[in-house]
Every structure is written in C-alpha cells, then in structure tokens.
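Heads up: the structure comes next, in structure tokens.
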Amino acid sequence: MRKDSKIYIPPENNLIDNILKLGYRKLKLEDEKLFDSYFSQLDGYYSSSLCFLNMYSWEDTFPTFYTEYEGFIVGMNYDYIDGVVYIFPFYGKYNEEGVIKAFNKVCEDMKSLGRPVIIFDVSDWMLPYYEATGAEMDVIYHRSEMDYVFTREMFFEGLNKQDDRYRYNYFKRKFNYETVEVTPEMSSEVLELMEDVWCNRVESCEECAYGCLKHITNKQICVSDKLNVHGILVRVDGIAEGVSLVTNKNGMGVYQYKNANNSLKGINEYLLRECFERYMDGAEYINYTEDLGLATLRRYKMHMAPEYTLKPKYLLKVKAHE
C-alpha cells in the first residue's frame, strides 16, 4: 500500500495493541487450516471477500485479527483507509445461542476499544441470527457490492454462447500463444504484465484507492503453492499478454483476478474458459465477485451467462445504548 497516500489513516493511539490485549491474534499465512475448519461449517453462501486468501492478500490495507469463541472464529478488520474497525461475520456452525454469545462478546470488546459495532458482508441466511440478538441495528446493503454467482451449468452455457465461442476459437487460431500455470517464481513477469495492462490504463495510483492492485495480486501469486491458488499466464509470441487467478473451495469457484491485453481478440474468453476447464472441477457455483459500481463491468458480468444470482451482502450498524 502507498503509505504516503493522502487518504492513509494510521491506527489511533495503541488501537492495534489494545485489540491484541483483548486476546485477538493477527491473521497469519499458517492460519488457513484453522479458518477452513470453521469455514466448512457454514450452512450457506458466503461473500468472496471473506475467503482466507482475500483477507491475507489485503492485510496491508485491512489487517485481520481474530479469536476463537463459543464454536466460532470471531474477528475484526481495521480499515487503514477510513480508520474504521469492522467485525466480519462469525465463522462456524450457526446456531442462535452461539451467535448471541459471540455477538455479546463483540459488543463488549468494541465498547472497550471505544468503537461502534459494524458487521460487514453478512449473507442473507446469516441475517436472522444477528437480528435474533435483539440489538437495535441499521441493516444496509449496496448494489455494487453484491456478488455475481452462477451455477456451474449456467456459467458453462455462457462460455458456449455463439459470440464467446467464436472469440475463443479465433484467439486459438490467430495467435502464436502458449499457456503456463502460474507459480511463485513467475511473479515478476506477471507484475510487468500488470504494469502494461492495468497501471498504464489508469490516470494515477489514486484510482487504486484501497491499496496497490499489483502488490495484492503479487501476494496471491507468491503463496499460490500454499493457499491452493491456481492460475494461468498466456504468452503471445513469447510476451506475457494475459493472466487469470482462481480458487475453488467448499463448492465455490472464485475468479480472483483476470486482466489481459484487450487488443488481442478473444484472449479474455480464452482465459475464462481455460481456467474453468482446468480448475473448476467440483465447484457447484462460480462467483465472479462484485461490479464495484462500474457500469462497463456491470454489463460484462450481467451478460456472462443466461442466468445469475446477485447475492446481497449486508452491513449491520448496531446502535449503541448507554
């Protein structure tokens, strides 16, 4: 992250120390198996932003702290951009009694920190459990933060639409390309590609307001062999021109990152299909994440397949009581 950014807000006095004193631990790479053991107990859809890889990748901008309590992982993120502490939805097997106990702990902890209780990315099936706590809260959701989720069958049907299939086959016929699996040793080559296809498109680094996308993607590549991250790099005439990274866990495949030289007709369709065929076995759903409120991205995601579901992610703001 750009530490000299005008929007960077360092933690206020001893905030991180006080979080640690409450018994929370800072998330580390080695915590993946622990998180997965709780994550696999969730009864329904979860936000793509809550997967371990994303929390680890964005730790410079949103460091994660967690503890184990009443059969859940209870955790919080500190937003270095806005200076806000957020609670993330509890990981584990949801039951009303357990959620109430964990919720009460969160309220006490946040009170000791002098911070409001704000829970982000709550899925629709989780919401009744938080409402059952009896706490007065505002329930908010934003259209731009809803994940685009496709069934495996619908996503594959989208890949086979006439125009998409034509562009995919055109790329294979037209260009002298090779496809290699991304490994940590290839990080410098991927970063050079991102400089070309991403950094040179935006007017300034300020457009990446929530951290450097190159840095975040590089972190994912550097731990790809440890966190079950898969991806392909496509070279045309020996030059890197496109990259895509995906994960596939707990029945959900997520396209974590994709970018390419768009002047090469069909390269995006090739990246999508190749990753699907290589890495999405066993995935019941394909998550293409949110559109960030960008009209062009929204149109693209809406037309990827004949049918999709927009999964709401609620923000809960608990009203304080003296």
Side-chain angles (χ1 to χ4, degrees), residues 1 5 7-28 31 35 38-39 42 45-69 72-92 94 99-127 129-131 133 135-147 209-211 216 289-290 292-293 311-320:
M1 182 186 175
S5 170
I7 59 175
Y8 174 77
I9 302 177
E12 61 188 48
N13 293 340
N14 301 320
L15 174 63
I16 302 303
D17 288 341
N18 289 335
I19 291 174
L20 297 175
K21 287 177 181 178
L22 288 172
Y24 290 79
R25 307 189 290 273
K26 184 148 186 330
L27 181 137
K28 297 179 180 179
D31 293 327
F35 269 68
Y38 284 91
F39 209 77
L42 293 173
Y45 168 80
Y46 53 89
S47 167
S48 59
S49 64
L50 293 176
C51 71
F52 185 86
L53 173 66
N54 281 336
M55 287 194 288
Y56 173 77
S57 302
W58 291 83
E59 66 175 350
D60 292 338
T61 312
F62 305 102
T64 296
F65 305 88
Y66 74 94
T67 188
E68 297 174 80
Y69 184 78
F72 293 105
I73 281 184
V74 177
M76 59 181 70
N77 296 97
Y78 179 74
D79 182 343
Y80 273 100
I81 305 303
D82 297 325
V84 178
V85 178
Y86 293 101
I87 302 298
F88 58 75
F90 309 143
Y91 285 33
Y94 271 58
V99 170
I100 290 174
K101 289 180 178 179
F103 179 84
N104 288 336
K105 172 180 173 52
V106 161
C107 290
E108 288 298 318
D109 289 345
M110 297 303 283
K111 183 177 180 180
S112 71
L113 295 173
R115 294 294 187 118
V117 177
I118 305 174
I119 309 176
F120 74 99
D121 277 12
V122 173
S123 297
D124 49 3
W125 67 268
M126 299 174 178
L127 184 59
Y129 290 97
Y130 292 98
E131 291 178 329
T133 64
E136 188 177 357
M137 63 181 73
D138 293 323
V139 180
I140 304 164
Y141 80 93
H142 301 288
R143 168 66 173 75
S144 62
E145 296 175 358
M146 297 170 73
D147 280 348
Y210 282 90
I216 292 160
T289 68
E290 65 273 11
L292 306 174
K311 292 291 188 179
K313 298 183 286 187
Y314 297 98
L315 182 76
L316 310 182
K317 291 187 175 182
V318 179
K319 298 181 179 179

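- By the side-chain hydrogen bond (donor to acceptor under 3.5 Å, both in side chains) test, Lys101 is found to be paired with Glu97, residues two or more places apart in sequence or in another chain being considered.
- Here the straight-line distance linking atom CG of Leu27 with atom OH of Tyr56 works out to 9.0 Å at 0.5 Å rounding.
- Atoms CZ and CG, on Phe120 and Asp79 in that order, are 9.5 Å from each other to the nearest 0.5 Å.
- When all heavy atoms of Gly23 and Thr67 are compared, the closest pair comes out as O-OG1, 3.6 Å.
- Contact of the Asp31 side chain with the Arg25 side chain is not registered, since no non-hydrogen atoms from C-beta on lie closer than 4.5 Å.
- By the side chain to side chain contact (heavy atoms under 4.5 Å, CB included) test, Ser57 pairs with Leu53, Ile216, Gln220, sequence neighbours left out.
- Nearest heavy-atom pair, Val85 versus Met110, reported as atom, atom and distance to 0.1 Å: CG1-CE, 3.6 Å.
- The CG atom of Leu20 sits 9.5 Å away from atom CG of Leu15, with the distance rounded to the nearest 0.5 Å.
- The residue from Asn54, Asp121, Asn77 that alone fulfils the side-chain hydrogen bond (donor to acceptor under 3.5 Å, both in side chains) condition with Ser49 is Asp121.
- The salt bridge (Lys or Arg N to Asp or Glu O under 4.0 Å) test applied to Asp124 returns no partner, not counting sequence neighbours.
- If you take CZ on Phe62 and CG on Asp82, they are separated by 7.5 Å, rounding to the nearest 0.5 Å.
- Checked against ring pair (Phe, Tyr, Trp, His ring centres under 6.0 Å), Tyr94 has the following partners two or more places apart in sequence or in another chain: Phe72, Trp125, Tyr129.
- In terms of the side-chain hydrogen bond (donor to acceptor under 3.5 Å, both in side chains) criterion, residue partners of Tyr38 (sequence neighbours excluded) are, by chain and number, Glu68.
- Residues satisfying the ring pair (Phe, Tyr, Trp, His ring centres under 6.0 Å) test with Phe35, not counting sequence neighbours, are Phe52, Tyr66, Tyr91.
- Ser123 is linked by a side-chain hydrogen bond (donor to acceptor under 3.5 Å, both in side chains) to nothing, counting only residues two or more places apart in sequence or in another chain.
- With rounding to the nearest 0.5 Å, the separation of OH in Tyr314 from CD in Glu131 is 9.0 Å.
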Exercise. After noting the C-alpha distance and the side-chain angles of Met137 and Ile119, does the key distance pass the side chain to side chain contact (heavy atoms under 4.5 Å, CB included) rule?
Worked result: CA-CA 10 Å; Met137 63 181 73; Ile119 309 176; over 6 Å; no
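- Ring centroid separation for the pair Tyr86 and Phe88 does not come in under the 6.0 Å cut-off.
- Atom NZ of Lys317 sits in a sparse spot, with 12 or fewer heavy atoms from other residues, nucleotides or ligands closer than 6.0 Å.
- Shown here are the side chain to side chain contact (heavy atoms under 4.5 Å, CB included) partners of Glu108, two or more places apart in sequence or in another chain: there are none.
- For Tyr46 and Phe39, the distance between ring centers is under 6.0 angstrom.
- A distance of 4.5 Å separates OG of Ser48 from NZ of Lys313, quoted to the nearest 0.5 Å.
- Residues forming a side chain to side chain contact (heavy atoms under 4.5 Å, CB included) with Ile100 (at least two apart in sequence, or on another chain): Glu96, Asn104, Thr133.
- Every residue two or more places apart in sequence or in another chain that forms a side-chain hydrogen bond (donor to acceptor under 3.5 Å, both in side chains) with Lys26 is listed here: Glu59.
- Evaluation of the side-chain hydrogen bond (donor to acceptor under 3.5 Å, both in side chains) test over residues 15-24, restricted to residues two or more places apart or in two chains, returns Tyr24-Asp109.
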